[in-house]
Amino acid sequence: MPRLVSFDVDGTLIKSIGARANQLHREAFTAAFKQVFGIDTTIDVIPHHGSTDTLILVAVLVVHGIPKAEAMASLPALQQAMNSYFAANIDRAGDGLEVLPGVVDLLKALKEDTDFMTCLVTGNLEPIGWGKMQALGLSDLFSTPHFGGFGSDFCSGNTEETWRDRAEFIRLAAMKAAGQADGPITARFHIGDAPMDVQAAADAGAVPLGVTTGIYTKEQLLVAAPSATILEGLGDLSKVMDILRQ
């Protein structure tokens, strides 16, 4: 009877580095705005850390005067444009990205332990999330067939409380895991670096495990989810595994 461990991507498993930080993902947004609406812009016109790709698309368009209803209706076309751009430039998927310390060892340990299933729960569109994992050599370390919860799975349009969409992703990932598990899921954990991650985990019935490997502090994570366990990172394999076995 497995335990499910879901991981956020950016700031949790990997970090952005250098002048070309997360470059291809950012370019995919810009290409989508241009292709679908003819707007030259970037995601930096809004605060976007901890949000989801689809909510970012909506929020940026609203800044540029597009009614929210029109932005929401255009999400399928915008997502297709992003995914197409990312796929066409997949050889650059790892540019400006780096795997965080301890991640490879943790994923290997969970992969080798039949008591665990692992997946992604991220605001990334699904092809982009797994594309990053493939580029950085992590994709084979997750449970197969791959599953999870993604920005492409659901979008409420609620750009003020983005954690609510993430909570839905966590629920969706649990449903997918139950569909391919050998028995009932006995415990669920979600690991993330943003207040939205830990708040979403608590709301969705998963154990929130925060890491301060992104831009947020321990105090900010605990305000969002007082019940969360907060670690400096995933580098202490024994400590992380002890938490996941509780």
Side-chain angles (χ1 to χ4, degrees), residues 6-12 22 24-86 119-132 147-176 190 192-206 208 214-216 220-221 223-225:
S6 58
F7 292 88
D8 173 54
V9 172
D10 301 292
T12 300
N22 203 16
L24 184 57
H25 195 176
R26 296 172 64 88
E27 288 178 11
F29 277 107
T30 297
F33 294 129
K34 181 67 172 178
Q35 179 177 323
V36 179
F37 281 93
I39 296 173
D40 289 307
T41 191
T42 74
I43 62 174
D44 293 326
V45 299
I46 62 163
H48 54 78
H49 289 289
S51 190
T52 74
D53 283 10
T54 40
L55 288 174
I56 291 169
L57 288 166
V58 171
V60 170
L61 289 171
V62 168
V63 165
H64 287 281
I66 305 299
K68 179 176 277 190
E70 183 178 352
M72 289 287 292
S74 300
L75 282 176
L78 289 161
Q79 291 181 69
Q80 182 177 356
M82 282 187 69
N83 287 331
S84 295
Y85 185 90
F86 196 90
C119 69
L120 297 180
V121 167
T122 171
N124 289 188
L125 303 183
E126 183 168 4
I128 292 177
W130 287 120
K132 291 178 183 180
F147 66 95
F150 302 89
S152 42
D153 285 336
F154 174 80
C155 182
S156 67
N158 184 352
T159 56
E160 301 300 318
E161 298 174 301
T162 61
W163 65 270
R164 294 189 181 277
D165 280 31
R166 286 185 177 270
E168 187 64 20
F169 303 163
I170 293 170
R171 294 185 187 99
L172 289 169
M175 292 173 59
K176 295 174 187 177
H190 179 62
D193 69 291
M196 302 77 165
D197 292 311
V198 292
Q199 188 171 8
D203 184 75
I215 66 170
Y216 297 100
Q220 288 173 306
L221 296 175
V223 167

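Just the heavy atoms: all of them, side chains too, but no hydrogens, waters or symmetry mates, feed the values below. Starting from 1, each residue takes its place in the sequence as its number.
For residues 43-71, the set of pairs meeting the salt bridge (charged side-chain N to carboxylate O under 4.0 Å, His left out) definition, not counting sequence neighbours, comprises Arg26-Asp44.
For Glu126, there are no side chain to side chain donor-acceptor pair (under 3.5 Å) partners, not counting sequence neighbours. Phe29 meets the ring pair (Phe, Tyr, Trp, His ring centres under 6.0 Å) test with His25; sequence neighbours excluded.
Here the side chain of Thr122 pairs no donor or acceptor atom with the backbone of Phe150 at under 3.5 angstrom. Between the side chain of Ser74 and the main chain of Ala77, no donor-acceptor pair closer than 3.5 Å is present. Looking at Asp203, its side chain never comes within 3.5 Å of a backbone N or O of Gln199 through a donor-acceptor pair. Without hydrogens or angle criteria, Thr54 side chain to Gly151 main chain gives a donor-acceptor distance under 3.5 Å. No donor-acceptor distance shorter than 3.5 angstrom exists from the side chain of Ser156 to the backbone of Asp165, with no hydrogens or angles considered.
Ile46 approaches Ala59 most closely through the heavy-atom pair CD1-CB, 3.6 Å. For the residue pair Ala173 and Val121, the shortest heavy atom distance occurs at CB-CG2, 3.7 Å.
Using bins of under 30°, 30° to 60° and over 60° for the plane-to-plane angle, the ring pair Phe169/Phe154 lands in the perpendicular bin.
At a threshold of 4.0 Å, the pair Asp10-Lys132 counts as salt-bridged, since one of the basic side-chain nitrogens sits closer than that to a carboxylate oxygen.
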